[in-house]
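Below is one structure; the comments refer to it alone.
Numbered from 1 within each chain, the chains take letters A, B, ... in sequence-line order. These numbers come from a predicted model, not from an experiment.
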There are 2 protein chains.
Amino acid sequence: MQKEVTIYDIAKQLQLSPATVSRALNDHPAINSNTKTIITSKALEMGYRSNMFASNLRRQRTNTIGVIVPRLDSAFMSTVLAGMEKVVNESNYNLIISQSLESIKKEVTNAKTMFDSRVDGLLVSLSSDTENLDHFNAFFRKGIPLILFDRVVQQKNCTNIVIDNLKAGYDATIHLIEQGCKRIMHVSGSLKRNVYADRLKGYRLALLEHGLPGGDELERSTNLTRQDGLDIAAYIKRMPTPPDGLFVSSDFCAVSCMGALKQSGFSIPNDIAVVGFNNDPVSLVIDPTLTTIHYPGQEMGEIAAQSLINHLNGLLRLSATNTILLNYDLIVRGSSQRVKLA
Amino acid sequence: MQKEVTIYDIAKQLQLSPATVSRALNDHPAINSNTKTIITSKALEMGYRSNMFASNLRRQRTNTIGVIVPRLDSAFMSTVLAGMEKVVNESNYNLIISQSLESIKKEVTNAKTMFDSRVDGLLVSLSSDTENLDHFNAFFRKGIPLILFDRVVQQKNCTNIVIDNLKAGYDATIHLIEQGCKRIMHVSGSLKRNVYADRLKGYRLALLEHGLPGGDELERSTNLTRQDGLDIAAYIKRMPTPPDGLFVSSDFCAVSCMGALKQSGFSIPNDIAVVGFNNDPVSLVIDPTLTTIHYPGQEMGEIAAQSLINHLNGLLRLSATNTILLNYDLIVRGSSQRVKLA
DNA sequence: ATTCATAAAGCAATCGGTTGCATAACAAAC
DNA sequence: GTTTGTTATGCAACCGATTGCTTTATGAAT
């Protein structure tokens, strides 16, 4: 345990005041550039590192950004986090990460912790339980910016970063229609969440436009787990008239469902064409490879973090841009490709 | 922006000194328990929240734990992080997470940042580039505890948390031998890292014990990516005498290799029996499902975090336990099961 | 020579808890 | 009645950086 070097030590060595040292290290204009050079190099020589706590205490700023996500152990979320980490790190901010495990209760606790940690801003993807943003009121009152990404609710105080899930759901369904599907089923997640509700809307819209059948029998809301995929396959097998197209709001669930369908003798894509969502690595593992919507996780993380940081640095007024829409891609692979290419 | 409640405000309202308030809130024995009750309830009533920066500044302690991992976007690592987050959160600590992207250069930078953030302790899984722990010297000098998990190096200053990779590699290989394999190939990752080097040793040991052929032709060191899996499949196809058993140090890579092998006409497990590593979700997606070593990610995260916290709270002397070994399981599935069960 | 503007640096208060040491109050012991 | 001990509380310095205001130095303008 060795004593830390402080600006006082530097000041003493150079016969200057701590105030001057502090200003020099922060590149304050009132300091002679010559003096700055001397101080900076001395600081380096002495191995000085600023004490963030003293600084934060004084400035009422922490250079820390809080992140609350539903689960850390999801392929998608970890790419988002990777993107955030990248940006944040480059801008000299820190990340405090916590997970709500899809429970509003834990989300509330996490929000409290973040508040106590005095984060400068918050990046949140809502749990499936969450109904409103009341637990973030403390942040709104203090003017701490909140950006919602992926799982969002519309609210005027905060910016949303999403893809156009309705359109994506629409595109996925249209693609199945173009492959000749006449009876398309959709498996969605919790309809409390925009991502799933919107995709469902897009699906319905596409069916409507093409006069295809829909309704309860063809719409299943699940938790999109592996088991749900198996259950859906069993359900399909029992149907008097099984679907010839299947759009699942998650690759992982789609893939487990495909496995079970194949076991039951369905041929993919000929009996049933399948489209997933997220471009999860598993989509390339299954045979046939899975058609899916590529979801720009890394990019979403980067943009969310960058927007927040820009806002904090006064480079961007968040309230001006209420929603940022990212592009997605429909990636067509074997699980849906019936029409032969010329 | 509203003013924060401080201990001074509480003190004023109750006609007490800030010192007493501070002690009461920290449950100091010298304070009358009656006074404590009064202060605590007043604090609650006024909506007081401690200012961590003032506290940290004074105590030289941050209640923050730093984590450096190779990649955030890996299934295994996100379960580890989930486990850490869980424990840390319950113990009122915070997590600062960063990724080295398998580069020693970034790992060094991350370590610096963690040091500047004055983390109370560090949990690290090394990048594949890392040769030694010199970049953590600042931590050792200051007595800040460092726990290495999964990707470790032996060093007396720090605790390691790992599974017995050698034994796991041995077990995986023995399993293939039991299934009748006579010519077993092993695909490993960077041999600089214990996890891969040890599994290779275990593999070699098993071969040796059973007098089976090994050597360069049957040992491939790769980055264990999807592409590497495809390359290995191509390599196998070109071999004059292809192996009849394949042990790959990563499920993801194993799975992509299996896909390519199937395409090339190999039957699994009959022509080639395959064992992976990690029990990644994809292992259940591939057909046949993949035999693998279950790697307790969540548990590893929990134990690493808990050990560190216990040490910080003086409940456990880390130096006493230099290595913690976790249990793993060989999960036998279709990709290797040749012997019919009675 | 005097006044004034400007640049550069210092003084000292401040952020909000924490903690070693002193003090006060009161009871028990001598 | 004085001493000693115990318990509960207060005083004030401290952690280290920041910043409004003041001071000093320097040169230009009058």
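An OP1 or OP2 oxygen of D/dC11 is reached within less than 4.0 angstrom by no side-chain nitrogen or oxygen of B/S17. Considering only side-chain N and O atoms, B/S22 lies nowhere under 4.0 angstrom from the phosphate OP1 or OP2 of C/dG17. One finds no side-chain N or O of B/Y8 lying less than 4.0 angstrom from the OP1 or OP2 phosphate oxygen of C/dT14. For A/Q60 and C/dG16, the shortest distance from a side-chain N or O to OP1 or OP2 is below 4.0 Å. Taking side-chain N and O atoms only, B/T35 has a distance below 4.0 Å to OP1 or OP2 of D/dT9. Regarding contacts with the backbone of D/dT18, a side-chain N or O of A/N26 is found under 4.0 angstrom from either OP1 or OP2. Proximity of A/N51 to the phosphate of D/dA17: no side-chain N or O atom is located under 4.0 Å from OP1 or OP2. At the phosphate of C/dG10, OP1 or OP2 sits under 4.0 Å from a side-chain N or O atom of A/T20. Between B/T6 and C/dG16, a side-chain N or O to OP1/OP2 separation shorter than 4.0 Å is absent.
When distances run from any side-chain atom of A/L16 to the nucleotides C/dA8, C/dG10, C/dT18, the shortest one goes to C/dG10. In this structure, the nucleotide among D/dT9, D/dA13, D/dC21 sitting nearest to the side chain of A/R23 is D/dC21. Closest approach to the A/R58 side chain among C/dA12, C/dG16, D/dA17 is made by D/dA17 (side chain taken as heavy atoms from C-beta onward).
Between A/E102 and A/R151 there is a salt bridge, since a side-chain N of the basic residue sits under 4.0 Å from a carboxylate O of the acidic one.
One atom, CZ of A/F53, and another, C1' of C/dG17, lie 14 Å apart when rounded to the nearest Å. Between the P atom of C/dG16 and the CD1 atom of B/I10 lies a distance of 13 Å, rounded to the nearest Å. Counting to the nearest Å, the P atom of D/dG16 and the CG atom of A/D9 are 9 Å from each other. Separating the CD1 atom of A/I31 from the P atom of C/dT6 is a distance of 19 Å, rounded to the nearest angstrom. In this structure, B/L57 atom CG and D/dA17 atom P are separated by 9 Å, rounded to whole Å. Remark: P of C/dA7 and CG of A/N34 are 17 Å apart, rounded to the nearest angstrom. Between the CD1 atom of A/I7 and the P atom of C/dG10 there is a distance of 12 Å, given to the nearest Å. Atom pair B/K36:NZ and D/dT7:P shows a separation of 13 Å (rounding to whole Å applied).
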Residue pair B/I7, B/Y48: steps toward the side chain to side chain contact (heavy atoms under 4.5 Å, CB included) verdict:
CA-CA 8 Å; B/I7 52 168; B/Y48 168 80; 3.6 Å; yes
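When B/V88, B/D120, B/V119 are each tested for a side chain to side chain contact (heavy atoms under 4.5 Å, CB included) with B/N63, only one passes: B/D120.
Using a 3.5 Å distance cut-off with no hydrogens or angles, the side chains of A/S17 and A/T20 do pair a donor with an acceptor. In this model, a donor atom of one side chain and an acceptor atom of the other lie less than 3.5 Å apart for A/N94 and B/S117.
When each of B/V21 and B/R59 is assigned the nucleotide of DNA chain D with its nearest heavy atom, B/V21 is the one assigned upstream, toward the 5' end. Nearest-nucleotide positions on DNA chain D for A/L25 and B/S33 put B/S33 closer to the 5' end.
In this structure, A/S22 contributes its side chain and A/P18 its backbone to no donor-acceptor pair below 3.5 Å.
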